There are 2 protein chains.
Amino acid sequence: MNIGDVAERSGLPAKTIRYYEDIGLIRPHRSANGYRCFAENDLHKLAFLARARALGFSIEDCRTLLGLYEDDTRASADVKALAQEHLTKIEAKIADLEAMRDTLTELVHCCAGDNRPDCPILKDLAGDIECL
Amino acid sequence: MNIGDVAERSGLPAKTIRYYEDIGLIRPHRSANGYRCFAENDLHKLAFLARARALGFSIEDCRTLLGLYEDDTRASADVKALAQEHLTKIEAKIADLEAMRDTLTELVHCCAGDNRPDCPILKDLAGDIECL
DNA sequence: ATGCTCCTTCCAGCAACCGGAAGGTCAACA
DNA sequence: TGTTGACCTTCCGGTTGCTGGAAGGAGCAT
């Protein structure tokens with residue numbers, strides 16, 4: 001398969017696939033004309049990567065996960081630990097974003113949103129606490 | 001004030017303050033020795049920026065917000081619209097992260113986490129759906 | 001031969017900084 | 001007076017995970 005085919009079948013852009021080769025996540029063969037030549041196994045790995053990325057794993061985590069995936073003697077504990085750690089980070093991010101959301105929601109709620117200049121959002125940013 | 005003083009008082013690293021000058025968010029004067037020389041107004045702006053950044057506004061949003069802040073003839077509707085748009089993006093991000101969290105939570109829950117190789121997390125990533 | 005699409009490599013850039021090198025300045029202290 | 005140490009300066013490169021574009025080769029249809 002050429003890169004266009006695996007791009008379509010994996011859902012990853014060709015650019016991304018080349019990048020993954022660049023950083024050593026995959027190692028497709030080359031045809032005589034210099035084109036990358038992908039086997040089913042490469043496609044499978046790319047789909048794995050696409051899914052792991054969609055779950056928010058970093059590239060380095062993905063590298064580790066691929067390594068574990070290909071290691072028949074892995075301990076599931078290692079995979080679980082990685083996933084758990086990632087989950088913890090995601091939960092922290094959610095908490096951060098929720099704090100922003102709550103503050104912003106209140107500020108937006110307090111702002112008249114008319115054509116007058118008076119604005120509690122700017123006041124809050126400027127350090128004048130107002131509105132409740 | 002020198003940069004170290006405003007860094008301490010605004011809570012922003014000196015590097016960040018220099019960067020903000022670079023991209024034109026602030027324009028501190030210079031002393032005879034070439035050191036940046038910050039007025040109270042600069043400090044005030046930096047605190048404004050720090051707070052806006054903490055609420056997740058992008059640098060470009062911050063630039064706009066600062067502009068609105070300094071414009072006495074602004075309409076609060078413009079500020080509110082910007083904040084509302086940002087809020088919507090944050091809510092979308094939260095939703096994305098929550099979807100990841102939910103999937104990961106389930107996968108982590110399904111994984112034995114022992115020293116055997118069998119792992120539903122890897123199976124899921126590989127496209128074999130298992131575990132409910 | 002021409003045109004079109006696909007492929008290749010390489011280079012630049014995005015956000016929002018951070019780290020470090022190389023060097024100038026300043027205040028204090030022996 | 002010399003020197004130490006803390007501060008300041010600029011500049012360059014790296015971070016993450018790609019994305020866009022330029023310049024050029026390959027393959028196929030007409």
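Chain A is the first sequence line, chain B the second, and so forth, proteins listed ahead of strands; every chain is numbered from 1. The analysis underlying the following values was restricted to heavy atoms, covering all of them including side chains, and did not include hydrogens, waters or symmetry mates. The model shown is predicted, which means the values in this text are computed figures rather than measured ones.
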Chemist: Report yes if a side-chain nitrogen or oxygen of B:Thr16 is closer than 4.0 Å to either non-bridging phosphate oxygen (OP1 or OP2) of C:dC18; otherwise report no.
Modeler: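 For B:Thr16, the contact criterion (side-chain N or O under 4.0 Å from OP1 or OP2 of C:dC18) is met.
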Chemist: If you measure from the Lys or Arg side-chain nitrogens to the Asp or Glu carboxylate oxygens, is any gap between B:Arg116 and B:Asp118 under 4.0 Å?
Modeler: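 Answer for the salt bridge query: no.
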Chemist: Without decimals, in angstroms, what is the distance between B:Arg30 CZ and D:dC8 P?
Modeler: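 The answer, rounded to whole Å, is 12 Å.
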Chemist: Please state how far atom NZ in A:Lys15 lies from atom C1' in D:dG21, giving the value in whole angstrom units.
Modeler: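 The distance from NZ of A:Lys15 to C1' of D:dG21 comes to 7 Å, rounded to the nearest Å.
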Chemist: Could you pull out the closest heavy-atom pair between A:Phe57 and A:Leu82, with the gap in Å?
Modeler: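 Closest pair (atom of A:Phe57, atom of A:Leu82, distance): CE2-O, 4.3 Å.
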Chemist: Please report the C-alpha distance between B:Phe38 and B:Leu43 in whole Å, then the side-chain angles of each, then the deciding distance to 0.1 Å, and finally whether the side chain to side chain contact (heavy atoms under 4.5 Å, CB included) criterion is met.
Modeler: CA-CA 7 Å; B:Phe38 295 84; B:Leu43 177 56; 5.9 Å; no
Chemist: State, to 0.1 Å, how close B:Arg36 and B:Ile3 come at their nearest heavy-atom pair, and which atoms those are.
Modeler: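 What the structure gives for the nearest pair is CD-CD1, 4.3 Å.
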Chemist: What is the nucleic acid contact for A:Phe57, judged by heavy atoms within less than 4.0 Å: base, sugar-phosphate only, or nothing?
Modeler: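 No contact.
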Chemist: Distance check needed: D:dG17 P versus A:Arg63 CZ, whole Å only.
Modeler: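 Between P of D:dG17 and CZ of A:Arg63: 10 Å.
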Chemist: Measure from CG on A:Asp5 to P on D:dG27 and round the result to the nearest Å.
Modeler: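 Taking atom P of D:dG27 as the reference, CG of A:Asp5 is at 15 Å.
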Chemist: State whether A:Arg36 places a side-chain N or O below 4.0 Å from either non-bridging phosphate oxygen (OP1 or OP2) of C:dC7.
Modeler: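 The answer is no; no side-chain N or O of A:Arg36 sits under 4.0 Å from OP1 or OP2.
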Chemist: Flag the pair A:Glu21 and A:Arg18 as a salt bridge only when some basic side-chain nitrogen lies within less than 4.0 angstrom of an acidic carboxylate oxygen.
Modeler: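 A:Arg18 and A:Glu21: not salt-bridged.
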Chemist: Counting only side-chain nitrogens and oxygens, does B:Arg18 get under 4.0 Å of the OP1 or OP2 atom of D:dC8?
Modeler: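 The answer is no; no side-chain N or O of B:Arg18 sits under 4.0 Å from OP1 or OP2.
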Chemist: Could you check how far CE of A:Met1 sits from P of C:dC7, rounded to whole Å?
Modeler: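 Nearest whole value for this atom pair: 12 Å.
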Chemist: Treat primed atoms plus P, OP1 and OP2 as sugar-phosphate and everything else as base, then score nucleotides 24-29 of chain C 5' to 3': B for base contact with protein heavy atoms under 4.0 Å, S for sugar-phosphate contact only, - for none.
Modeler: BBS---
Chemist: Please classify the nucleic acid contact of A:Ile3 as base, sugar-phosphate, or nothing, using heavy-atom distances under 4.0 Å.
Modeler: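 Sugar-phosphate, backbone atoms only, no base.
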Chemist: Can you see if the side chain of B:Tyr20 gets near the phosphate of C:dA16 - specifically, an N or O under 4.0 Å from OP1 or OP2?
Modeler: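 No, no such contact exists.
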Chemist: Roughly how many Å is it from OH in B:Tyr19 to C1' in D:dG14, rounded to a whole number?
Modeler: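 Checked: the OH to C1' distance equals 14 Å.
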